[in-house]
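Working notes, structure below.
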Amino acid sequence: MAFPSSPVHSDLLRRHAAVCLDIIVIGASIGGLSAAYNLKQAGHNVRVLEKSDGEVKIKGGLRVPPNMSKLLQHWGLGDQLMAKAVQCPRITFLEGATGNFQSELVYHEELMKEFQAETYGMHLVIGSGVRIDYNALVVDVNIDEPFVVLESGRRINTDMVVGADGTFSLAREKIVGHKEAHKIGPYTTYSSELLCAQRPDDEYVVHIVEPHDDASPGWEKIVPLSKLNVSQFEDRVQRLLALATHATETLHVVQEPIPNWYSDSGKVVLIGNAVHTSCPSSTNAPALAMEDGATLGSLFSRLQSRNADEALWLLRAYQELREDRCVTTVQSDIELVIFSTLPEGPARDERDEGFRMARKQESLDWENSREDILRGAWDEFRGSFGYDAYDATDNWWVDWGVMLQRMTAIENVSTTTHRVILDPLGFLPPLKCERDTSQSPGIGTVLLLDMSLQPQRDFASFPFFSRNGKASFDVYGCCSVINRPCVVGHVLVTQKATNNQGSNLRRNSFFLMFRTLLSLPSHVMYHLWTAFLFTKSDIKTTVIPITSLAVASAPLSELSHLPHIVFWIWFHVLQFDVSNQTLKPEEDEYNKRDRPLPSKRITWRNARILRWILVPACCALSSCYSKETVYASIALCIFTYVYDEMEYAAGHWLGRNVVNAMGFMSFEVGACLIAGANRHALDNISVMSVLCSAGIFVTTIQAQDFKDTEGDRLVGRKTLPIVAPTVARPTLMLALAAWSIGLSALWGLSMGASLTFNVLALSVGIRFGSLLRTLYLRTSGSLYRRQSTEYLSMNGSLLQQQLLDVTSEATASCVSA
Ligand SMILES: Cc1cc2nc3c(=O)[nH]c(=O)nc-3n(C[C@H](O)[C@H](O)[C@H](O)COP(=O)(O)OP(=O)(O)OC[C@H]3O[C@@H](n4cnc5c(N)ncnc54)[C@H](O)[C@@H]3O)c2cc1C
């Protein structure tokens, strides 16, 4: 297939790099040719070195998924593809031994239109519009200068080398710095070409996947079909295979991932199988190699200078764009092979049952299929097939590229590095900075570096725009940006300069330090608010009820003790909440988005650090009162640990209720000690009220579990409504009634007070019951009908809040009696 001289995609037609690099591509296979073609279109001089003689000795079959055919269409190869390829409207799964129909995956026409491409099977034909040297085995690659050495001893200097030399890549070896030991995967593939009896011009390819110990990697080894255990297949397959004379044997090679896909010098880069080998005959390996080449070409069409830094940034962008996609696609390819080659056993039975179910439900056409079934079947393919390498690069460019370009327009840019103190825990909010740009208008970039002063992969850069002679930009603590603790970071400030920048930039260094001090109050407010957000939902359910209990039962000896009680309780609630919310942060993602972790006010890592700092901090706070208060803090921290880290919260309801109650007891003991006149001991009334409230918690705290029965059941929790659904609600009502009557008697309330208290408890009980019904009706009715996540989470949190309110009201009314 010859690449056409006139591509179709506007991107390829429009943009040329400002400078022309000499680029050598090692390997003239799919990845190499794609890179060569795209880099040539981007305006560079490209030369491909291929060790083979260029003759296609082995024919193989390639699947061309929509993301690959889309690229071919962009390059103007759509017609040739149509002429060569066999369109594939469906994949049919038959059982090998019997030929029984299992299932089929239909590439619905409507869906393919959405992907803007079709799926084809295509014969591999190699050709290219760029210069290709065959019989050019590269035996050495120098990653610094750079140059390559051919087998003949000839050295070819160049500006950049693209390693598209496949699984045992020499370029990769040079980047990694040593020869890697490759592991052998379990999937040996045998590809046989068959001539179609009816139409002799048509050739088909059969791939057979079988484990074989004596196989070798590569695509050159031909083996007789007698090597294969053909008799295991049904008659039709055997007859089909009888048309073939031999098979190409290739081994599944497993590569370890490497951290950098390019050399530190920015002179050598890897694409295709050289950096992400999949198993042989996978659906996506050729497509990924092709996308790599397109991405590289598209990025290097934006090259503005010969500066090594700029190329390095573009290569960093290339890896950023490609790495996740390749890793997940290769993984899903391998899973597909595992799935379709399962040996006999329960896993295979389960798969076949799944096939049968899918057949029953889905064989309907696209329009009549149920949405959830189509979604299930196509969600993964959407991401994979719908990918357009040019669009992905364009999007990246809009987000980041413009900045990079400004930054590396090196002839005009002054670059200075500033050493600034950044907070080690990343607690500080962004530091607002301003600098005078009246003499140097334009856009610049602030870039955070780590301690080694090297811009690492997880860099962050921010643009600052010059307005009215002032440019402002934000500097973030290193941790929150590059997620790596370091006390001292560096800020690299670059700006398009028209004249003397040095003094401005030096002043800016002091300015940063000065501003750090000035903005301290706003930093403090930021963190206080973050702490408040951790505890916000527990102010009503914990801080207020326990303060009331302490004030009433200690009793409050001096009004000045009140703020101490409130702060002590709140601080300990913070300790509990930070622990609780950092254990399963994903649970808050949907319906508690204002919490610090989902709202990204603090990183998870820093929240975990805070969680452990709060333990000694709580004890230190308590030591200001008495050693008995310290014991209460210690107990509370231990129960928090048992509840969260030891996962009692997710365990049996009894253990959970008891730990909950002990935790609340510790809260109450501490609060009563601070409230009372004697901070070393509780009097009898306080002891009694603490014990009673512990009893109330043990017997009623399960009220919170009703709202989450389905979710709890799914994750295997043993809450009371799950373990004993018929008794859970009546016992709760009974407990509320018993506690209100018992407590009225215990505290000798007057008739009027006792009646009010009991009516209050009763009304809470009734409201609770009716709220449960509302919850049930709403979830089973409109919530499921609408199937809207937002709606669900909004109502879920509202109802949950109402339930919590009622629960805390119930608990508080009992406790405050
Ligand atoms: C001959 C052949 C047949 C294939 N058949 C099938 C098939 O039937 N089904 C399937 O799913 N996949 C097949 N593949 C693999 C599939 O094409 C790859 O997944 C896809 O091509 C990825 O391509 P790549 O460009 O990254 O690397 P590769 O396709 O592995 O190509 C690497 C290229 O680099 C050349 N090369 C390597 N080292 C040097 C060196 N030192 N100097 C110069 N040149 C060098 C090789 O000759 C080769 O052309 C085949 C690959 C090859 C090479």
Side-chain angles (χ1 to χ4, degrees), residues 24-38 47-65 68 121-128 132-141 148-152 154 156 161-174 187-194 203-209 217-222 247-253 255 261 268-294 296 322 326 329-330 333-334 336-337:
I24 281 183
V25 177
I26 311 177
S29 184
I30 291 186
L33 293 184
S34 163
Y37 175 67
N38 279 278
R47 184 170 176 186
V48 182
L49 302 175
E50 165 59 45
K51 69 178 177 185
S52 74
D53 59 11
E55 254 184 61
V56 184
K57 299 185 188 77
I58 309 150
K59 289 178 189 165
L62 288 182
R63 296 181 192 93
V64 183
M68 183 165 163
M122 189 185 77
H123 296 266
L124 183 67
V125 185
I126 298 174
S128 160
I132 303 177
D133 292 356
Y134 292 107
N135 298 313
L137 172 69
V138 176
V139 291
D140 194 14
V141 179
V148 298
V149 180
L150 296 179
E151 197 182 22
S152 61
R154 207 173 135 214
I156 308 175
V161 176
V162 177
D165 44 352
T167 305
F168 300 99
S169 160
L170 176 70
R172 177 182 168 118
E173 187 187 314
K174 296 294 171 187
Y187 304 105
T188 305
T189 299
Y190 294 88
S191 310
S192 301
E193 17 153 348
L194 314 169
E203 289 167 292
Y204 291 94
V205 176
V206 173
H207 293 300
I208 295 176
V209 181
W219 293 86
E220 283 103 35
K221 191 172 171 193
I222 307 290
T248 306
E249 179 186 80
T250 187
L251 199 60
H252 176 198
V253 178
Q255 277 174 339
W261 291 14
V268 182
V269 58
L270 301 175
I271 68 167
N273 275 10
V275 70
H276 47 72
T277 292
S278 184
C279 54
S281 305
S282 77
T283 311
N284 287 297
L288 288 180
M290 206 177 248
E291 286 175 6
D292 287 350
L296 202 62
R322 298 298 303 150
C326 292
T329 312
V330 165
D333 265 359
I334 292 175
L336 192 68
V337 176

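Both backbone and side-chain heavy atoms feed into the values below; hydrogens, waters and symmetry mates do not. Just follow the structure's listing: the first ligand is 1, and inside any ligand the first atom is 1.
- Which parts of ligand 1 touch Ala285 is read off a 4.0 Å heavy-atom cut-off, strictly below it: atoms 19 (O).
- Assignment of Ile26 to the shell around ligand 1 is supported, since a heavy atom sits closer than 4.0 Å.
- The proximity of Asp165 to ligand 1, defined as any non-hydrogen pair under 4.0 Å, involves the side chain as well as the backbone.
- Neither the backbone nor the side chain of Ser278 has a heavy atom within less than 4.0 Å of ligand 1.
- Residues His252 and Ile334 approach most closely at NE2-CD1, 4.2 Å, considering heavy atoms.
- Residue-ligand proximity: Ala164 is placed with a non-hydrogen atom under 4.0 Å from ligand 1.
- Every N/O-N/O distance between Ser52 and ligand 1 stays at or above 3.5 Å.
- Nearest heavy-atom pair, Val138 versus Leu49, reported as atom, atom and distance to 0.1 Å: CG2-CD1, 3.8 Å.
- Backbone and side-chain nitrogen or oxygen atoms of Thr167 are examined, and none is located within less than 3.5 angstrom of a nitrogen or oxygen of ligand 1.
- Between Ile222 and Thr248, some side-chain heavy-atom pair lies under the 4.5 Å cut-off.
- Contact atoms of ligand 1 toward Gly272: 26 (O) (distance under 4.0 Å to a heavy atom of the residue).
- Annotation for ligand 1: atoms under 4.0 Å from non-hydrogen atoms of Leu137 are 40 (C), 41 (N), 42 (N).
- Of all non-hydrogen atoms in Ser52 and Tyr134, the two that sit nearest each other are O-CB, 3.3 Å.
- Heavy-atom contacts of Leu49 reach the following atoms of ligand 1: 43 (C), 44 (N) (cutoff under 4.0 Å).
- When side chains are defined from C-beta on, Asn38 does not count as touching Leu296, because their heavy atoms never get closer than 4.5 Å.
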Q: Just do the salt bridge (charged side-chain N to carboxylate O under 4.0 Å, His left out) check on Arg172 and Asp165 with the steps written out, would you?
A: CA-CA 9 Å; Arg172 177 182 168 118; Asp165 44 352; over 6 Å; no
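- The shortest distance between side-chain heavy atoms of Leu270 and Ser169 falls below 4.5 Å.
- Closest approach of Ala285 and Asn273 over heavy atoms only: CB-OD1, 4.4 Å.
- Taking all atoms of both residues into account, the shortest heavy-atom contact from Val162 to Ala35 is CG1-CB, 4.3 Å.
- Of the N or O atoms in Leu170, none lie within a sub-3.5 Å distance of an N or O in ligand 1.
- Every atom of ligand 1 is numbered from 1 in the order shown, and the set under 4.0 Å from a heavy atom of Gly27 is 33 (C), 34 (O), 35 (C).
- Which parts of ligand 1 touch Ala136 is read off a 4.0 Å heavy-atom cut-off, strictly below it: atoms 42 (N), 43 (C).
- For ligand 1, none of its N or O atoms has an N or O atom of Ala274 under 3.5 Å away.
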